[in-house]
Amino acid sequence: MPELPEVETVRRGLGPRVIGRRIVTADAHRPDLRIPLPENLSKRLVGRRIVRLDRRAKYILAHLDDGAVLIIHLGMSGRLVVHDRPPNSVAPHEHVRIGFQGGVTVSYTDHRRFGLITLCDEAELAGHRFFARLGPEPLDDAFTGAVLAERLADKATPIKAALLDQTVVAGLGNIYVCEALYHAGLGPRRLARTVKSERAERLVVAIKDVLERALEAGGSSLRDYVQASGELGYFQNAFAVYDREGEACPGCDCGTGVRRIVQSNRSTFYCAKRQR
DNA sequence: CGGCAAACCTGCGAGC
DNA sequence: TGCTCGCAGGTTTGCC
C-alpha cells in the first residue's frame, strides 16, 4: 500500500508526538509479521527514547537513545496510528503497541502482515540487508536525469519494472510509477535502457513532481492507508491514470482512454496516445 | 546474473 | 442472499 509519500507522511505525523518521550510499554501480540518480531521487544524498548525518526525508501527508522534502531515497513496494509491515550481495546490485526510516557500510544496494525518490525544497531544500518543495495532517494537533489539514465543503462526490462526495482530508485511503487510515466509521456513497455538524456530528465522531473504533490496531499488513501493521525490522504483524487481504466486521461481526448495491462504481475495504467 | 511468475496473507467488491 | 474469483500502495524466492 504505502509508497514513499505515504511512509513519509506517517513519519512526519509521528515525529512530533513521540520524539524525546520515554517508552513505557512495548507489546507484540503475535510472534511474527513478514519476518519474526524481536523476541525481546519489550526489554529492548522500555525505558528508551526515540531521538530521531528517519525514512529510507519505504522504511521508517526510529533511532533510540541507546544506539539501536527500530526498523518499520508497512508492507501493503500496515498502519501506524498515534493515540493520545492507550486505546482500551485491541484493534483487529493490531500486532504491536508502543506506549510512551504521558499516555501517547502508537499502534501497528496490518491485516495482510506483509510489513515488518525489527531492530538493529546503528552501526549495522548501512550494511543491513534491507538497505545495502537500495538506489537513490528520488527527492534528493543528487537524483538527476543523468543519474537515472546511468542506472537504467544496462536494463533490458520495461521501464515500468525498472522503476519498481528499489535498487534502481528507492521508494516508488505501483501507483507513483504509473503516474510518473504518464506525466513524463513514456510508455510503460519501453525498454529501460532507452530512457536516457532528455527522456531521463523528463522522467526525473515527473517522479519528483508527482511525489511532491502526493506529499502535499498527505498521500493516497485507497483501502488501508491512513496518516499517523488517522486522517485520510487525498492524492487518489489527483490520479491521472492509476485505477482509472476506461476513463479519459486529463487533457487528452483519445477515444480509448486509460488502458490497463499487466507487467511483472502488477497492473499498469497508461494512455497509449500520450505515452511512447 | 537478469528477468519474470509465484508466494506470502487477508479482505473486499464484482459477478454469477 | 451467498458463493467464488480476482485483485490490492510490497518484497522475496525460486525457476528458467
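Residue numbers start from 1 in every chain, and the chains themselves are labelled A, B, ... in the order their sequence lines are given, proteins ahead of strands. Just so it is clear, the model here is predicted, and its values are computed rather than measured.
- Counting only heavy atoms from C-beta on, A:Y59 has its side chain closest to C:dT12 among B:dA5, B:dC9, C:dT12.
- Among the heavy atoms of the strands, none lies under 4.0 Å from A:Q263.
- You cannot call A:F114 stacked on the base of C:dT11; the centres under 5.5 Å and planes under 30° rule is not satisfied.
- Nucleotide B:dG2 holds its P atom 13 Å from the CZ atom of A:R193, rounded to whole Å.
- One finds no side-chain N or O of A:K155 lying less than 4.0 angstrom from the OP1 or OP2 phosphate oxygen of B:dG2.
- Listed pair A:H73 / C:dT11 meets the phosphate criterion, a side-chain N or O lying under 4.0 Å from OP1 or OP2.
- Between A:R34 and C:dT12, a side-chain N or O to OP1/OP2 separation shorter than 4.0 Å is present.
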List every contact pair, protein side and nucleotides 14-16 of chain C side both N or O, where the distance is under 3.5 Å.
none

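- Looking at A:R112, its side chain comes within 3.5 Å of the base of C:dA8 through a donor and an acceptor atom.
- With rounding to the nearest 0.5 Å, the separation of CZ in A:R17 from CZ in A:F100 is 10.5 Å.
- For A:F239 and A:F269, the ring centers sit 6.0 Å or farther from each other.
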Open item on the list: Using the rule given for side-chain hydrogen bond (donor to acceptor under 3.5 Å, both in side chains), can you reason through A:H29 versus A:E94, listing the C-alpha separation, both sets of side-chain angles and the distance that settles it, and then say yes or no?
Closed with: CA-CA 7 Å; A:H29 304 154; A:E94 180 183 343; 4.7 Å; no

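- Closest to the side chain of A:R260, from the set B:dC4, B:dG3, C:dC7, is C:dC7.
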Open item on the list: With side chain to side chain contact (heavy atoms under 4.5 Å, CB included) as the criterion, how do A:D110 and A:R79 come out once you've worked through the C-alpha distance, each side chain's angles and the decisive distance to 0.1 Å?
Closed with: CA-CA 6 Å; A:D110 184 358; A:R79 294 180 173 192; over 6 Å; no

Task: side-chain hydrogen bond (donor to acceptor under 3.5 Å, both in side chains) assessment of A:E6 paired with A:Y176 - done: CA-CA 11 Å; A:E6 289 76 31; A:Y176 298 107; 2.6 Å; yes

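- Nucleic acid contact for A:N174: sugar-phosphate only, since backbone atoms but no base atoms lie under 4.0 Å from a heavy atom of the residue.
- Spacing between atom CG of A:N265 and atom P of C:dG6 amounts to 13 Å, rounded to whole angstrom units.
- Nearest to the side-chain atoms of A:S264 among the listed nucleotides C:dG10, B:dG11, B:dA5 stands B:dA5.
- A donor-acceptor contact shorter than 3.5 Å links the side chain of A:K160 to the backbone of A:S267.
- Atom pair A:H93:NE2 and B:dC8:P shows a separation of 18 Å (rounding to whole Å applied).
- Checking C:dT11, C:dC7, C:dT12 against the side-chain heavy atoms of A:F130 singles out C:dT12 as nearest.
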Open item on the list: Could you go through A:R52 and A:D54, starting from their C-alpha distance and side-chain angles, then the distance that decides it, and tell me whether this counts as salt bridge (Lys or Arg N to Asp or Glu O under 4.0 Å)?
Closed with: CA-CA 6 Å; A:R52 201 170 79 241; A:D54 289 343; 3.0 Å; yes

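- Between A:D154 atom CG and B:dG2 atom C1' there is a gap of 9 Å when expressed in whole angstrom units.
- Salt bridge annotation for A:R48-A:D65: present, with a cationic side-chain nitrogen under 4.0 angstrom from a carboxylate oxygen.
- Rounded to an integer number of Å, the gap from OH of A:Y225 to C1' of C:dG10 is 16 Å.
- Atom NE2 in A:H95 sits roughly 9 Å away from atom P in B:dT10 (whole-Å rounding).
- Side-chain contact check for A:D32 and A:H95: no donor-acceptor pair (N or O, by modelled atom type) lies under 3.5 Å.
- A:Y182 and A:Y270 have their aromatic ring centers separated by at least 6.0 angstrom.
- Secondary-structure annotation of DNA chain C gives the stems B:2-8 with C:10-16, B:10-16 with C:2-8, with a stem taken as at least 3 successive Watson-Crick or G-U pairs whose two distances both fall under 3.5 Å.
- Here the nucleotide nearest the side chain of A:S267, chosen from B:dC9, C:dC7, C:dT11, is C:dC7.
- Ion pairing of A:R55 with A:E137 is present here, as a side-chain N (NZ or NE/NH1/NH2) and a carboxylate O approach within less than 4.0 Å.
- Rounded to a whole Å, the CD1 atom of A:I60 is 15 Å from the C1' atom of C:dG10.
- Each of A:R223 and A:T157 has a nearest nucleotide on DNA chain B; the 5'-most of these lies closest to A:T157.
- Atom CZ in A:R30 sits about 11 Å away from atom C1' in B:dT10, given to the nearest Å.
- B:dA5 and C:dC7 are spaced 14 Å apart, taking the P atom of each and rounding to whole Å.
- As judged by a 4.0 angstrom heavy-atom cut-off over every strand, A:P158 is placed among residues touching the sugar-phosphate backbone only.
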